[in-house]
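Below: the structure, in structure tokens.
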Amino acid sequence: MTTPDLTDVHPAWLPPEAFRAIGSRRTLVRGDGLLAETVREEVARASALYGGGPADPAGPADLVLALTTATPLPPAAQALLDGPGADELAGLGDEGYVLARHDGVTVVLADAAAGLLHGLFHVVRLGERAFGAARPAQAHRPAMRRRMLDHWDNIDVHPVMGQVERGYSGGSIFWRDGALTGDLARVRAYGRLLAATGVNAISVNNVNVHATEAHLLTDRLGDVAAIADELRPYGIRVHLSVNFASPIALGGLSTADPLDADVRAWWAATTERVYATIPDFGGYVVKADSEGQPGPFAYERTHADGANMLADALAPHGGVVHWRAFVYNHRQDWRDRSTDRARAAFDHFAPLDGQFRDNAILQVKHGPLDFQTREPVSPVIAAMPSTRLAVELQVTQEYTGQQRHVCYLAPMWSEVLGFRPWGPDGRDVAALATGGTADGSVADSGTADGALAGSGAADGGAGGPGGGLVAVSNVGDDRFWTGHPLAQANLYAFGRLAWAPRLDPGAVLDEWIGLTFAASRDRAALGRTLHEMMDGSWHTYERYTAPLGVGFMVRPGHHYGPDVDGYEYTPWGTYHFADRDGVGVDRTRATGTGYTGQYPEPWSEVYESPESCPDELLLFFHHVPYGHVLQSGSTVVQHIYDTHFAGAEQAAETRLRWQKAEGLVDPALWARVKERLDEQVRSAEEWRDQVNAYFLRKSGVPDAHGRRIH
């Protein structure tokens with residue numbers, strides 16, 4: 001195995017300079033297996049650059065990375081086993097590790113090679129601080145057992161959605177010209193980047209499984225195996241999106257009924273062939289009975305019937321099925337105000353709690369609609385205590401600027417993960433996704449340990465039995481991986497929060513800055529500039545786009561740019577109901593769709609009343625007059641005007657701040673960001689003008705400050 005070295009692709013958060021602290025020292029690696037060999041190669045590559053080298057097993061070392069099963073253990077590692085830090089070594093699992101520094105030696109100990117690899121990247125994050133003051137032994141374990149990215153990549157270029165559905169970074173890194181890419185070195189480099197964040201699983205094709213992609217399960221399985229071979233050295237397991245009707249499309253059967261014996265036998269035999277080809281295959285991802293995709297409803301079966309059929313086929317091999325809960329009627333009548341897309345997932349799935357197999361994971365979008373700029377947390381997450389749930393996020397910025405706008409999403413995700421459906425004394429979303437304890441605890445510190453942050457503490461829990469965290473990837477074949485170089489921070493942050501959901505988003509941003517710009521001549525100044533640009537960027541984007549929890553004010557189809565009524569009179573749903581008297585969707589139990597009743601106390605009551613509902617979600621839950629006074633003291637319509645003016649101004653300020661970074665980063669990267677910021681400013685002004693003009697005409701209420709509204 002050779003570590004990828006791509007000279008024409010941006011190194012993201014693993015530039016050579018990030019390895020200087022390791023590469024300039026004597027390092028001893030003890031352990032066997034593929035991932036232990038990856039650790040050796042990483043260390044050897046860094047040492048070749050910076051003058052360090054392998055330590056003699058009998059001599060002094062600056063860094064020891066060892067499996068607890070290695071014999072004999074180096075003295076520094078053995079001292080850790082025999083000393084007061086030994087308690088930290090209990091229950092590390094397959095991916096955990098202990099980090100310590102004593103007697104001038106930094107030590108990483110792990111029970112398995114995956115833990116050794118994660119420990120190595122922890123040392124990389126620390127840089128020189130890993131070799132400074134003494135560190136007591138501290139265990140680090142992932143809170144989420146499965147930390148997964150879904151790729152919406154197509155083999156064939158789709159006539160509408162292109163190579164990557166909702167992808168904003170060029171073509172696929174896996175597929176090109178109807179076949180597996182010839183650039184597998186880039187696939188391996190991608191696995192390396194993911195491993196450094198803590199991601200340990202990916203699916204390699206679109207959840208909307210088209211005709212060509214369906215064959216990845218059978219006659220094109222070799223392509224999936226080739227991808228798995230490239231990712232395996234970094235501990236990344238491959239999953240595959242499959243078409244529920246594959247027994248018909250691929251197997252020649254007349255039915256895909258999940259209770260039909262021939263259908264079940266076909267899936268069992270097909271799955272056995274998959275594992276014969278890819279022994280560490282992760283499992284299937286399924287989108288069924290949603291937006292035209294086939295599913296069990298065609299046979300009057302439930303989603304539990306469909307998921308369990310696939311779970312049974314996967315169970316003998318240790319695989320899992322991720323069954324997406326994104327199921328709703330996309331052919332509804334916009335005039336019918338009793339139909340509410342937000343209700344759909346709960347209505348479909350909550351009655352099925354307890355009916356899913358242990359290796360079936362229900363994958364639930366974090367909000368009830370579709371990755372909008374602001375949504376409440378989906379009530380499904382709290383409604384299924386006897387079902388393994390994975391919370392799904394969207395790293396690709398479909399509704400948050402499409403990687404043309406700066407929008408650091410970790411603050412949003414942290415709010416979601418920290419939301420407590422049963423109030424302050426109940427479990428939070430992170431605990432539900434991890435399968436955490438009844439009191440909601442997840443054993444991580446909430447403190448990151450990046451190159452610009454303070455010293456880190458334990459950042460992982462026990463890797464509980466929950467479904468974990470899943471996100472839609474934002475990577476493509478663009479030179480900068482994510483199109484907008486600053487959008488790399490979202491991909492990095494997803495992996496880190498999946499490992500340790502209590503991490504502070506600002507500290508995670510510090511980590512990313514410290515690694516990505518390790519060679520900057522003034523990293524402190526650059527860090528200040530990037531924090532000014534990115535810390536509040538989600539709120540900035542929210543200000544100049546959709547107000548107070550309203551969604552889908554985007555142009556239909558491609559979802560970029562403003563179109564206030566774009567989806568308002570379509571079968572896909574109705575999202576703001578603006579008229580001359582007011583705006584917002586009545587989702588109350590008293591007079592609306594009843595959606596608020598899907599939440600447990602206290603939130604069902606908090607959301608039911610416009611007086612107690614948080615301002616940022618008011619129009620999601622209530623239809624109110626334009627003169628309704630918010631908790632902030634502003635009226636609804638004045639809030640719309642004020643925030644859209646302010647958001648556009650903040651976008652312009654962000655562009656000005658980037659001028660400070662010229663000369664501190666690679667010129668090509670600086671120019672790409674500048675180009676994207678120019679577009680962000682233009683788009684923010686367009687949003688401001690269209691939204692404000694729309695509501696001025698609807699309400700007839702002028703701006704209190706007399707500003708020009710087009």
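Because only heavy atoms are used, hydrogens play no part in the values below, and waters and symmetry mates are left out as well, while side chains stay in.
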Keeping [X] on the side-chain end and [Y] on the backbone end, is there a donor-acceptor pair under 3.5 Å?
X      : Y      : answer
Asn490 : Cys407 : yes
Thr38  : Leu34  : yes
Trp175 : Val204 : yes
Tyr275 : Phe281 : yes
Tyr234 : Tyr190 : no
Arg188 : Pro233 : no
His484 : Leu486 : yes
Arg40  : Gly31  : yes
Thr434 : Ala431 : yes
Arg237 : Asp280 : yes

If you define the side chain from C-beta out and look only at heavy atoms, does anything of [X] sit under 4.5 Å from [Y]?
X      : Y      : value
Arg141 : Leu92  : yes
Leu35  : Leu116 : no
Arg146 : Ile361 : yes
Thr270 : Thr218 : yes
Thr181 : Ile173 : no
Met412 : Leu393 : no
Val665 : Leu526 : yes
Pro485 : Trp670 : no

Heavy atoms only: give me the nearest [X]-[Y] pair and the separation to one decimal.
X      : Y      : answer
Trp499 : Thr197 : CB-O, 4.5 Å
Ala137 : Leu80  : CB-CD1, 3.5 Å
Gln397 : Tyr168 : C-CE1, 4.0 Å
Ser47  : Gly53  : OG-N, 3.6 Å
Ala179 : Arg220 : CA-NH2, 3.5 Å
Met144 : Ala430 : CE-O, 4.1 Å

Can [X] and [Y] be counted as having a side-chain donor-acceptor contact under 3.5 angstrom?
X      : Y      : value
Asn206 : Glu165 : yes
Ser169 : Gln403 : yes
Asp150 : Gln363 : yes
His10  : Gln488 : yes
Tyr492 : Glu511 : yes

Inset, instruction - Could you note down all residue pairs passing side-chain hydrogen bond (donor to acceptor under 3.5 Å, both in side chains) where residues 75-88 supplies at least one of them, sequence neighbours left out? - result: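 For residues 75-88: Gln78-Asp82.
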Legend entry - Pi-cation contact, Phe131 with Arg25 (under 6.0 Å, within 45°):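 So Arg25 does make the cation-pi contact.
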If you measure from [atom1] on [X] to [atom2] on [Y], what distance do you get to the nearest 0.5 Å?
X      : Y      : atom1 : atom2 : value
His215 : Leu221 : NE2   : CG    : 13.0 Å
Asn474 : Phe494 : CG    : CZ    : 11.0 Å
Gln163 : Trp152 : CD    : CH2   : 16.0 Å
Ile202 : Leu240 : CD1   : CG    : 11.0 Å
Asn154 : Thr212 : CG    : OG1   : 9.5 Å
Asp229 : Leu184 : CG    : CG    : 9.0 Å

Legend entry - Output field: ring centroids His122/His140 closer than 6.0 Å: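 That pair passes the under 6.0 Å test.
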Inset, instruction - Evaluate the side chain to side chain contact (heavy atoms under 4.5 Å, CB included) criterion for residues Phe121 and Leu14: first the C-alpha distance (whole Å), next the side-chain angles of each, then the deciding distance (0.1 Å), finally the verdict. - result: CA-CA 10 Å; Phe121 285 123; Leu14 292 181; 4.2 Å; yes
Acceptor/donor pairs from residues 57-68 side chains to any protein atom, 3.5 angstrom cut, sequence neighbours excluded:
{"residue": "Asp62", "atom": "OD1", "partner": "Arg26", "partner atom": "NH2", "Å": "3.2"}
{"residue": "Asp62", "atom": "OD2", "partner": "Arg26", "partner atom": "N", "Å": "2.8"}
{"residue": "Asp62", "atom": "OD2", "partner": "Arg26", "partner atom": "NE", "Å": "3.3"}
{"residue": "Thr68", "atom": "OG1", "partner": "Asp111", "partner atom": "OD1", "Å": "2.8"}

Legend entry - Residue from Thr482, Val472, Val475 passing side chain to side chain contact (heavy atoms under 4.5 Å, CB included) with Thr396: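 So the option named by the test is Val472.
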Inset, instruction - Apply the side chain to side chain contact (heavy atoms under 4.5 Å, CB included) test between Met148 and each candidate in Asn200, Val199, Val285, Ile236; give the one that qualifies. - result: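 The residue from Asn200, Val199, Val285, Ile236 that satisfies side chain to side chain contact (heavy atoms under 4.5 Å, CB included) with Met148 turns out to be Val285.
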Inset, instruction - Could you check Leu530 against Leu509 for side chain to side chain contact (heavy atoms under 4.5 Å, CB included), going step by step and ending with a plain yes or no? - result: CA-CA 9 Å; Leu530 288 171; Leu509 186 58; 5.7 Å; no
Run the salt-bridge test on [X] and [Y] with the 4.0 Å N-O cut-off and return the result as yes or no.
X      : Y      : result
Arg186 : Asp183 : no
Glu95  : Arg147 : yes
Arg20  : Glu17  : yes
Arg176 : Asp477 : yes

Inset, instruction - Given side chain to side chain contact (heavy atoms under 4.5 Å, CB included), test Leu120 with Val29 step by step and report yes or no. - result: CA-CA 10 Å; Leu120 168 72; Val29 180; over 6 Å; no
Inset, instruction - With side chain to side chain contact (heavy atoms under 4.5 Å, CB included) as the test, would you mind laying out the steps for Val508 and Tyr408 before giving the verdict? - result: CA-CA 11 Å; Val508 172; Tyr408 180 49; 3.9 Å; yes
Inset, instruction - Given ring pair (Phe, Tyr, Trp, His ring centres under 6.0 Å), test Tyr284 with Trp323 step by step and report yes or no. - result: CA-CA 8 Å; Tyr284 300 139; Trp323 191 273; over 10 Å; no
Report all side-chain donor-acceptor pairs from residues 102-110 shorter than 3.5 Å, counting only partners two or more places apart or in another chain.
{"residue": "His102", "atom": "NE2", "partner": "Ala76", "partner atom": "O", "Å": "3.2"}
{"residue": "Thr106", "atom": "OG1", "partner": "Arg101", "partner atom": "NH1", "Å": "2.8"}
{"residue": "Thr106", "atom": "OG1", "partner": "Ala130", "partner atom": "O", "Å": "2.6"}

Inset, instruction - Count the heavy atoms belonging to other residues, nucleotides or ligands that lie under 6.0 Å from CG of Asp156, then report whether that count exceeds 12. - result: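 Yes, the 6.0 Å shell around CG holds more than 12 heavy atoms from other groups.
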Legend entry - Heavy atoms of other groups near Asp32 CG, more than 12 under 6.0 Å: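 Check fails, neighbour count at 12 or below.
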